[in-house]
Amino acid sequence: MRSTLGPSVADEPDRPPGSGVSRDLEFTDFYRAEHDAQVRRAFLLVGSNEAANDVVQDAMAAVYQRWHTIDAPGPYLNRAVLNGCRDVARKRNAEQTLVRRLRPTSPSTPEDTLLDVVARLPFNQRAAIVLRFYAGMTEREIAAALDTSTGSIGPWIKRALTTMSREFR
Amino acid sequence: MTHLEEDLTSALQRRAGEAVVEPDLQAILSGANVIGMPAESPLSRRRGTQLVIAAVAAALVGIAGLSWTAVGRTSNIDASSTPTTPVGSTSFTGSSALSPVTPQAIPIDFPNDVPKPDISEVHYMTDDMAPVGWEFVDQGSGPTESVERCTQYASSFGPDWTRTKKTDEAPEVLYAQVLTNGVWEVGIYCVNDGGYLVQVTRAALNPATCNSNGSQDVVVPDVIGRPLSEAITALQQAGLRVIETGTPPNDPTGQQAVVRAQEPPAGVRVPLGACVGFRTEVPN
């Protein structure tokens with residue numbers, strides 16, 4: 001089953017080695033089906049439009065380069081985007097911590113508070129939360145996307161929810 | 001789902017809708033976006049099920065006995081607009097049930113300027129035109145086998161799956177067509193005890209073909225947490241098409257299924273006729 005969410009409409013097929021035209025047509029379909037959803041997901045993880053678009057564009061380029069050698073481009077793209085987001089988040093964490101210290105702001109709505117807490121979660125917890133509650137992925141799918149064991153996902157989500165509950169008290 | 005989880009889902013949906021999406025497909029196709037590759041492919045290469053479009057289309061057309069015509073119709077596979085005899089095709093004669101079809105060797109006159117991509121997958125759709133499953137067509141399989149698979153699929157989804165369409169409303173139709181943008185679409189409608197299946201290439205489901213009525217924008221409604229059937233109705237009423245994943249709409253378990261996630265998120269403006277994907281879960 002496919003969709004533009006999570007492991008989706010372009011995940012599972014065998015990729016026949018075709019002509020360049022064929023490859024471009026197939027990839028174009030894939031790109032159109034996946035791109036926007038991936039950018040939104042990346043935006044939730046890195047908090048920046050520019051970075052999200054860059055990460056997804058780079059990941060898409062990686063998929064295109066390997067179009068006929070990867071078996072399931074959907075999961076491959078998921079992982080490439082998450083790895084890209086992780087790199088961006090690592091760099092941004094230090095900056096954001098500094099900014100928060102220098103210019104503390106108070107979120108205006110409870111929703112903003114929630115998103116602020118999500119933004120401060122460790123990357124794996126944040127990714128698990130976004131993939132579960134935004135993309136609707138199962139723990140197994142999240143584990144595959146984050147290249148970890150399924151057993152890790154539940155505790156990450158639980159820990160993240162506990163943190164959020166605590167902040168809301 | 002707890003209140004916190006509901007609030008979280010809603011907040012993430014809203015925030016995701018604020019993302020500014022800037023696609024740049026051409027940069028990739030032209031090689032301008034060459035970057036370092038991930039160290040290792042997470043997935044091994046699998047070979048096997050491959051099907052060349054020309055072979056399929058030739059066989060399909062041969063069976064249908066249709067004379068090939070290039071048509072300007074974009075993919076428009078929905079229950080209300082799918083013609084019982086699609087443009088550029090001819091319906092089967094004889095029994096409208098899944099009776100054996102006698103192939104007719106009619107050569108296809110493919111337009112020279114249209115590339116012929118491979119078909120490596122098919123989507124099976126319900127009479128509501130939401131995909132309910134899919135599988136690959138093995139290399140060398142022909143339309144007869146596809147019809148058999150339709151039968152199997154129809155059987156596997158049970159009576160609910162096939163209850164709404166009468167045989168005389170959906171005669172067996174085999175068709176293939178060229179879309180104006182050079183994308184091929186090949187389909188089979190199979191009647192099985194009052195229902196039918198549609199087999200299409202992935203190209204028919206991509207956003208470009210979904211946006212066939214893109215002159216007017218509509219706002220994507222929020223369907224998170226709503227029952228599957230209600231969500232489909234809401235999206236259709238908004239003028240959107242549904243790409244549902246998870247539970248087939250007419251599957252008995254689908255009656256309890258609720259939407260867990262949607263894409264694009266609620267509040268985003270999309271062209272009329274655009275596709276909205278969502279995932280469903282049956283609550284414990």
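Because the structure is predicted, anything quoted here is derived from the model rather than measured. The sequence lines fix the lettering, A, B, ..., with proteins before strands; numbering per chain opens at 1.
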Inset, instruction - Report the distance from atom CG of Asp7(B) to atom OG1 of Thr113(A), rounding to the nearest 0.5 Å. - result: 11.0 Å
Legend entry - Which portion of Thr2(B) sits near chain A, non-hydrogen atoms under 4.5 angstrom: neither
Inset, instruction - First locate atom CD1 of Ile28(B), then atom OH of Tyr64(A), and finally report the distance between them rounded to the nearest 0.5 Å. - result: 9.0 Å
Inset, instruction - Answer yes or no: are there more than 12 heavy-atom neighbours, outside Glu50(A) itself, under 6.0 Å from its atom CD? - result: no
Inset, instruction - Please name the pair of heavy atoms, one in Asp24(B) and one in Tyr31(A), separated by the smallest distance, quoted to 0.1 Å. - result: N-OH, 2.8 Å
Legend entry - Side-chain (Arg260(B)) to main-chain (Gly136(A)) donor-acceptor, under 3.5 angstrom: no
Legend entry - Which portion of Val268(B) sits near chain A, non-hydrogen atoms under 4.5 angstrom: side chain
Legend entry - Leu25(B) side chain near Gln57(A) side chain, heavy-atom distance below 4.5 Å: no
Legend entry - Donor-acceptor under 3.5 Å (Asn53(A) side chain, Val20(B) main chain): yes
Inset, instruction - For chain B, find which of Val118(A), Val56(A), Ile129(A) contributes the most heavy-atom pairs closer than 4.5 angstrom. - result: Ile129(A)
Legend entry - Side chain proximity check, Val21(B) to Asn49(A), heavy atoms < 4.5 angstrom: no
Inset, instruction - Could you walk me through whether Tyr134(A) and Thr9(B) pass side-chain contact (heavy atoms from CB on, under 4.5 Å), step by step? - result: CA-CA 6 Å; Tyr134(A) 173 68; Thr9(B) 302; over 6 Å; no
Legend entry - Validation row: Leu29(B), Thr28(A) side chains within 4.5 angstrom (heavy atoms): yes
Inset, instruction - Taking all heavy atoms of His35(A) and all of Pro23(B), pick out the closest pair and write down the distance. - result: CE1-CA, 3.4 Å
Inset, instruction - Heavy-atom pairs under 4.5 Å with chain A are the metric here; pick the option from Glu18(B), Glu5(B), Glu6(B) that has the most. - result: Glu5(B)
Legend entry - Leu4(B) CG to Leu161(A) CG distance, which is reported to the nearest 0.5 Å: 5.5 Å
Legend entry - Minimum side-chain heavy-atom gap Leu115(A)-Leu12(B) below 4.5 Å: yes
Legend entry - Closest approach of Ala16(B) to Phe43(A) (non-hydrogen atoms, all atoms of both residues): CA-CD2, 4.5 Å
Legend entry - Met137(A) side chain near Arg279(B) side chain, heavy-atom distance below 4.5 Å: yes
